[in-house]
Novice: 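Before I ask anything, let me first share the structure, which is written out below as structure tokens.
Note on naming: letters A, B, ... go to the chains in the order of the sequence lines (proteins, then strands), and numbering restarts at 1 for each one.
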There are 2 protein chains.
Amino acid sequence: MSVIRILTVDDHPLLREGIAAVFDAQDDMTLVGQASNGREAIESFRRLRPDVTLMDLRMPDMSGIEAIAAIRAEFANARIIVLTTYAGDAQAAAALKAGAAGYLLKNMVRKELIETIRAVHAGKRRVPPEIATEIAEHVADDALTEREVQILQCVAAGKSNKLIAVQLAISEGTVKTHMKSILPKLDASDRTHAVMIALRRGILDL
Amino acid sequence: MSVIRILTVDDHPLLREGIAAVFDAQDDMTLVGQASNGREAIESFRRLRPDVTLMDLRMPDMSGIEAIAAIRAEFANARIIVLTTYAGDAQAAAALKAGAAGYLLKNMVRKELIETIRAVHAGKRRVPPEIATEIAEHVADDALTEREVQILQCVAAGKSNKLIAVQLAISEGTVKTHMKSILPKLDASDRTHAVMIALRRGILDL
DNA sequence: CGCGCGCTACCCCTTTAGGGAGATGCCGCG
DNA sequence: CGCGGCATCTCCCTAAAGGGGTAGCGCGCG
């Protein structure tokens with residue numbers, strides 16, 4: 001039986017140590033490298049060609065989602081598992097769309113980690129039911145457009161429609177039109193509510 | 001030289017394993033127990049009387065801040081270090097007010113962890129300069145009152161002033177009066193901005 | 001005791017946000 | 001080529017939010 005060669009990517013050294021400790025106890029897994037942000041992850045992947053990569057999403061320098069997309073663009077058969085604290089269905093969906101084969105939460109138990117790594121290494125996809133359910137709840141909704149997200153970011157920054165209009169070089173009426181499109185899409189009662197929902201769903205960052 | 005007996009409290013088993021791995025390599029420290037939420041933490045503390053406790057803040061069942069306060073009420077000389085991802089100056093200040101002797105971020109390196117544990121065990125307080133600076137930036141501001149936080153929570157839930165008034169059984173005018181007090185305190189331009197600032201500073205939860 | 005603060009409540013007024021309906025130009029896709 | 005989605009813009013109207021000031025009432029603290 002071959003040994004599974006693993007790369008971990010996370011900006012928390014302590015967590016990486018915890019993961020390493022788990023693999024030390026598994027004789028069919030070995031940790032071949034560690035990285036602490038997306039940029040390092042890409043570089044490490046090129047050099048090490050791990051069988052499975054564990055990747056956090058929120059990291060300095062380059063996010064996990066960007067790193068996943070970049071690695072998959074270069075190595076189409078790269079097997080990457082997201083390992084993160086839950087950050088909303090939009091984040092999870094984006095990670096899977098970028099090419100992640102699995103999604104794990106940091107509060108899971110050791111057994112799930114091992115099991116998921118084996119499954120992904122065998123070419124399967126693994127998304128926990130609670131995550132899958134959350135994503136499924138919103139596939140029916142039409143997603144926000146790029147422009148709408150941009151406007152929502154301005155709203156979150158405390159800007160008025162008038163200011164947003166100036167900043168994006170469009171009329172205030174157009175900003176209102178976009179807001180009238182955003183609110184029902186997010187099922188929000190007003191702009192403040194829309195921002196909260198977008199934060200919870202991982203559409204906006206805090 | 002006596003061995004430092006340590007209790008860890010965090011809802012991420014992997015992180016606890018990482019911490020445990022660090023202590024295994026230190027011959028003057030030993031991990032005597034683990035807990036995964038505030039309630040378990042209190043119970044474990046009573047039973048084990050650790051020299052130093054490492055406590056996360058965001059946990060299910062009971063938050064770290066409540067646990068710190070409860071433990072310190074019962075054991076006034078308990079030495080507790082917060083170990084968390086940064087959650088704003090209000091959270092940090094609340095933890096220190098509740099009786100924490102130190103504040104560490106999860107993205108620190110091993111050496112800082114060891115050093116802080118030794119310092120706190122020796123009776124010192126340890127707060128990293130970047131945290132101390134953040135807290136200091138806001139000590140001059142007058143804090144939100146209990147009622148104001150309550151109203152801001154309603155605002156974050158997407159409620160209108162009218163709805164908030166009904167729910168809190170006060171007049172809409174009073175809600176407006178409170179808002180007129182909240183906005184300048186947070187230096188916010190409108191209610192949405194106020195909610196964002198409160199989230200970033202740890203005054204509200206997502 | 002008096003003072004300050006928190007909570008309550010009211011007034012007036014301006015600005016902003018939100019809801020409805022309609023319309024144009026652009027671009028990609030079948 | 002025509003259709004749909006996106007972004008842009010317009011007009012009208014109502015509701016909500018924000019800014020100013022004033023004031024009573026209870027409570028703790030020096």
Novice: Before giving the answer on salt bridge (Lys or Arg N to Asp or Glu O under 4.0 Å), spell out for D28(A) and R118(A) the whole-Å C-alpha distance, their side-chain angles and the decisive distance to 0.1 Å.
Specialist: CA-CA 9 Å; D28(A) 63 335; R118(A) 291 224 174 87; 2.8 Å; yes
Novice: Separation of M179(A) atom CE from dG18(C) atom P, in whole Å?
Specialist: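 In whole Å, dG18(C) P lies 5 Å from M179(A) CE.
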Novice: Would you call the rings of Y103(B) and Y86(B) parallel, tilted or perpendicular, taking 30° and 60° as the class edges?
Specialist: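 If you compare the ring of Y103(B) with that of Y86(B), the planes turn out perpendicular.
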Novice: For DNA chain C, determine which residues of residues 141-169 of chain A have any heavy atom closer than 4.0 angstrom to one of its atoms, and list them numerically.
Specialist: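 Result for residues 141-169 of chain A: S160(A), N161(A), K162(A), sorted by number.
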Novice: Nearest heavy-atom pair of E17(B) and V22(A): which atoms, and what distance?
Specialist: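 Closest heavy-atom pair between E17(B) and V22(A): OE2-CG2, 3.9 Å.
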Novice: Can you measure K176(A) atom NZ to dT15(C) atom P for me and round it to whole angstrom units?
Specialist: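 In whole Å, dT15(C) P and K176(A) NZ are 14 Å from each other.
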Novice: Check the distance between dT16(C)'s P and D190(B)'s CG and give it to me in whole angstrom.
Specialist: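 So the two atoms are 11 Å apart, to the nearest Å.
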Novice: Within this structure, what is the CD-to-P distance between E172(B) and dA15(D), rounded to whole angstrom?
Specialist: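 For the pair E172(B) CD and dA15(D) P, the rounded distance is 12 Å.
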Novice: Going through the checks in order, is the side chain to side chain donor-acceptor pair (under 3.5 Å) test met by H193(A) and D190(A)?
Specialist: CA-CA 5 Å; H193(A) 198 197; D190(A) 60 43; 5.6 Å; no
Novice: For L186(A) versus A194(A), what's the shortest heavy-atom pair and its separation?
Specialist: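 So the minimum-distance heavy-atom pair works out to CD1-O, 3.6 Å.
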Novice: Quickly work out the H178(A) NE2 to dC6(D) P distance and round it to whole Å.
Specialist: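 Interatomic distance, NE2 of H178(A) to P of dC6(D): 11 Å.
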Novice: Round to the nearest Å and state the distance from L183(A) atom CG to dA15(D) atom P.
Specialist: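 Going from CG in L183(A) over to P in dA15(D) covers 18 Å.
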Novice: Rounding to an integer number of Å, can you tell me how far R191(B) CZ sits from dT15(C) P?
Specialist: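 About 19 Å, once rounded to whole Å.
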Novice: Ignoring hydrogens and geometry beyond distance, is the side chain of K180(A) in donor-acceptor contact with the base of dG18(C) at under 3.5 Å?
Specialist: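 No, the side chain and the base share no sub-3.5 Å donor-acceptor pair.
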Novice: Apply salt bridge (Lys or Arg N to Asp or Glu O under 4.0 Å) to residues R16(B) and D56(B) and explain how you reach the verdict.
Specialist: CA-CA 11 Å; R16(B) 293 206 308 263; D56(B) 192 7; over 6 Å; no
Novice: Between H193(A) (NE2) and dA17(C) (P), how many Å, whole number?
Specialist: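 It is 18 Å, rounded to the nearest whole Å.
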Novice: Hey, what do you get for CG (N37(A)) to CE (M55(A)), rounding to the nearest 0.5 Å?
Specialist: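 That separation rounds to 10.0 Å.
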Novice: State whether T174(A) places a side-chain N or O below 4.0 Å from either non-bridging phosphate oxygen (OP1 or OP2) of dA7(D).
Specialist: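 Checking T174(A) against dA7(D): no side-chain N or O falls below 4.0 Å of OP1 or OP2.
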Novice: Side chain of T177(B) only, please: which of dA9(C), dC9(D), dG18(C) is the nearest?
Specialist: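 The answer is dA9(C).
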Novice: On the nucleotide dA9(C), are OP1 or OP2 found under 4.0 Å from the side-chain N or O atoms that S171(B) carries?
Specialist: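 So the side-chain polar atoms of S171(B) do come within 4.0 Å of the phosphate oxygens OP1 or OP2 of dA9(C), strictly under.
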